[in-house]
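These notes are about the structure you will find just below.
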There are 2 protein chains.
Amino acid sequence: MLRGDITAAIRNAVMNELAEVGYGRLSIEAVARRAGVGKTAIYRRWSNKLEMVLEIVSAVAERSVPMPDTGSFAGDLQLLMFIVSKALQHRIASQIIPDLMAEAARNPKIAETLQRALRTHQLAVGEKIVGQAVTRGELPAGTNADLAVDLMLGPLYWRLAVSRTPIDDDYLENLSHAVIGALRQGGPAT
Amino acid sequence: MLRGDITAAIRNAVMNELAEVGYGRLSIEAVARRAGVGKTAIYRRWSNKLEMVLEIVSAVAERSVPMPDTGSFAGDLQLLMFIVSKALQHRIASQIIPDLMAEAARNPKIAETLQRALRTHQLAVGEKIVGQAVTRGELPAGTNADLAVDLMLGPLYWRLAVSRTPIDDDYLENLSHAVIGALRQGGPAT
DNA sequence: CCAGGACGCAACGGTTGCGTTCCGGCGCTC
DNA sequence: GAGCGCCGGAACGCAACCGTTGCGTCCTGG
C-alpha cells in the first residue's frame, strides 16, 4: 500500500545524502527534506537510520559486477578492471563506498552487509577468472586467488578512491599487464 | 604559556575520538570530556574542529615512513611493505586513515592536508626506490613510478583497510614477489 | 459514496553540540 | 606576596535532529 514513487524518492535521497555528508552525518530529517517527503513516510518504511541505509545500499549493490568470460585471462582481466574502474568513477559510488568502508570499521552490521554485498561476490569473480586461466594454462597451478583479487582490485581502488588520481585507458592497460606479470610469478615464494 | 601536558592530553583524545566515532561525528565536547579538560582549553588552542583535526593529524603523520635503502629492490620493497603494513595494522591508524580518506572526498582542506602529509611523501619514496632499482638494472628503464606506487601500496591498503583480512609474513612475501614480477613486465604496453 | 490508509506538515519534549562568557582556583614570575 | 594567565566548570542562546503524535487532504477499493 506504500506508494512506490515515494519509496523511490527516498531511496534516491538517501544515496545522494550519503554521498554528500556521509553515514555519520546522515539525518532522517535531511533525507525527508531532500526527498520532498514527510519524516513519517520514512519511519513507516524503516525503523531507524542503520536499517534504512543497509537495506537501500545493499539493494543497489546487489545488481552489479558481472562475471567476465572472454576466453582469455588478459581479456577477462581488462574487462573486469574496466567495469570496476567505471563503477568507482561514478560520482555517487566513489563517495559512498569509501565512506561505508570506513564506517564498517566501527559498525559490525555495516561490515557484514558490505562483506556480503561486495567482497564475497568479488572473491567469487576472482576465483572464477583465475580458475579458468589456470585450466587454460595461462597461470601456474598454485596461483592464489586471494592474492589475485588483491592485486586486481587493490591498485584500482587505491588510485580511484584513495589518491583520486584520474585514470586513462593507457594506465588501465599498463596495470592489467602488470597484474598478469605479477600473477605469472607470484606463486609460492621461491 | 599554554600547558604542554594539557595540549598532549587533547591531542591524544582527538586521535582516539577520531578512531572511535570518525571525523563526521567528532565533537569538541566529547574531546574535552575524554581529555579531562575544559572546552575553553581547546578553543584557546584552535579556533574550530577542522583546524584542530588537521593540525593534530598532520603533526602525527609527518613523522613516519622512512626511505628504505637496503641495496636491492626486493629488499627495499619488502621493507617498505613491512613498515606500511605495520602502520596500517595499528589500531588507531587503521580507523583514522580510511575515515579521513573518505572525508577528504567531500572536504578539499582535508584532501589537501592528506595529500601533503601522505601521498606526496609516498610518491617520493616510490620514485626513489624505483629509480635506484632502474640504475641497478633490476627494473627496465621505462618503469612508471606512479604505477609502481599503486602496485606496492594498493593491495596492502585494500587488504588491511578495506577488506580487513589479516596478513601474515608469507602473504607479504608473496605480494612483494608478485609486485616485482609486475614491474618487470609492466612497462609500456607491448 | 464511504472507509481506510498513506500522505505532508507542524509541533511536541528531549538531547546534543556549537562557540562564548564568566567564575573562582591554582601556580607561575617578579 | 601581588598580579597575571591558564585552568576546569558551569551556564548561556542557538541550532539541529531525534522519534512520536495529531491534523487535514487525497487517493483508492469495495
Side-chain angles (χ1 to χ4, degrees), chain A residues 1-57 59 95-96 99-100 102-103 106-110 113, chain B residues 1-57 59 95-96 99-100 102-103 106-110 113:
Chain A
M1 324 185 170
L2 299 170
R3 272 172 51 186
D5 56 334
I6 302 280
T7 307
I10 297 174
R11 300 189 112 90
N12 188 23
V14 167
M15 295 300 283
N16 280 284
E17 202 67 20
L18 215 44
E20 273 185 25
V21 303
Y23 178 82
R25 282 224 165 296
L26 186 80
S27 82
I28 302 278
E29 304 222 338
V31 170
R33 223 177 298 136
R34 174 168 222 139
V37 143
K39 280 198 287 180
T40 338
I42 296 179
Y43 282 108
R44 209 169 282 127
R45 288 167 172 77
W46 301 277
S47 61
N48 56 54
K49 167 173 144 179
L50 178 60
E51 188 189 301
M52 175 183 74
V53 169
L54 289 185
E55 194 272 330
I56 292 178
V57 167
Q95 304 259 39
I96 291 183
D99 184 85
L100 288 182
E103 201 62 35
R106 54 182 91 92
N107 189 322
K109 288 205 176 171
I110 296 186
T113 303
Chain B
M1 322 186 172
L2 299 170
R3 271 173 54 187
D5 55 332
I6 303 279
T7 308
I10 297 174
R11 301 188 110 90
N12 188 23
V14 167
M15 295 300 284
N16 280 285
E17 201 68 18
L18 215 42
E20 273 185 25
V21 303
Y23 179 82
R25 281 226 165 292
L26 184 81
S27 80
I28 302 277
E29 306 223 338
V31 170
R33 224 177 295 137
R34 176 169 221 139
V37 142
K39 279 199 290 179
T40 337
I42 297 179
Y43 281 107
R44 211 170 282 128
R45 287 167 173 78
W46 301 276
S47 61
N48 56 56
K49 167 172 144 180
L50 179 59
E51 189 189 300
M52 175 182 75
V53 169
L54 290 184
E55 194 272 331
I56 293 178
V57 167
Q95 302 259 40
I96 291 183
D99 185 85
L100 288 182
E103 201 63 35
R106 54 182 91 92
N107 188 323
K109 288 204 177 174
I110 296 185
T113 302

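Closest approach of B/Trp46 to B/Glu55, counting heavy atoms only: NE1-OE1, 3.1 Å. B/Arg45 approaches B/Arg3 most closely through the heavy-atom pair NH2-O, 3.2 Å. The two atoms that bring B/Glu103 and B/Ile110 nearest to each other are CG-CD1, 3.5 Å, heavy atoms only.
Whole-Å rounding puts the A/Lys49 NZ to D/dG19 C1' distance at 14 Å. In this entry the distance linking CD1 of B/Ile42 with P of C/dT20 reads 13 Å, nearest Å. Going from atom CD1 of B/Ile10 over to atom C1' of D/dG8 covers 12 Å, rounded to whole Å. What separates CG of A/Asp5 from P of D/dC27 is a distance of 12 Å, to the nearest Å. Spacing between atom CD1 of A/Ile6 and atom C1' of D/dC27 amounts to 12 Å, rounded to whole angstrom units. The CD-P distance, from A/Glu17 to D/dA16, rounds to 14 Å in whole Å. Between B/Glu51 atom CD and C/dG19 atom C1' the separation is 14 Å, expressed in whole Å.
Here the side chain of B/Lys39 is nearest to one of C/dG5, D/dG19, D/dA11, namely D/dA11. The side chain of B/Asn48 approaches C/dG19 more closely than any other nucleotide in the set C/dA6, D/dG8, C/dG19. Set against D/dC7, C/dC18, D/dC18, the side chain of B/Tyr43 has C/dC18 as its closest nucleotide. The nucleotide whose nearest atom lies closest to any side-chain atom of A/Arg45 is, among D/dC7, D/dG8, C/dA6, C/dA6. Out of C/dA6, C/dG8, C/dG19, the shortest distance to the side chain of A/Arg44 is found at C/dA6.
The shortest side-chain heavy-atom distance between A/Leu50 and A/Asn107 falls under the 4.5 Å cut-off.
Each of B/Asn12, B/Ile6, B/Thr7 was evaluated against B/Ile10; a single residue qualifies, B/Ile6, per the side-chain contact (heavy atoms from CB on, under 4.5 Å) test.
In this structure, B/Thr40 reaches the bases: a heavy-atom distance under 4.0 Å links it to at least one base atom across the strands shown.
Less than 4.0 Å separates DNA chain D from at least one heavy atom of each of the following residues of residues 19-33 of chain A: A/Ser27, A/Ile28, A/Glu29, A/Arg33.
Between A/Glu29 and A/Arg34, no side-chain nitrogen of the basic residue sits less than 4.0 Å from a carboxylate oxygen of the acidic one, so the salt-bridge criterion is not met.
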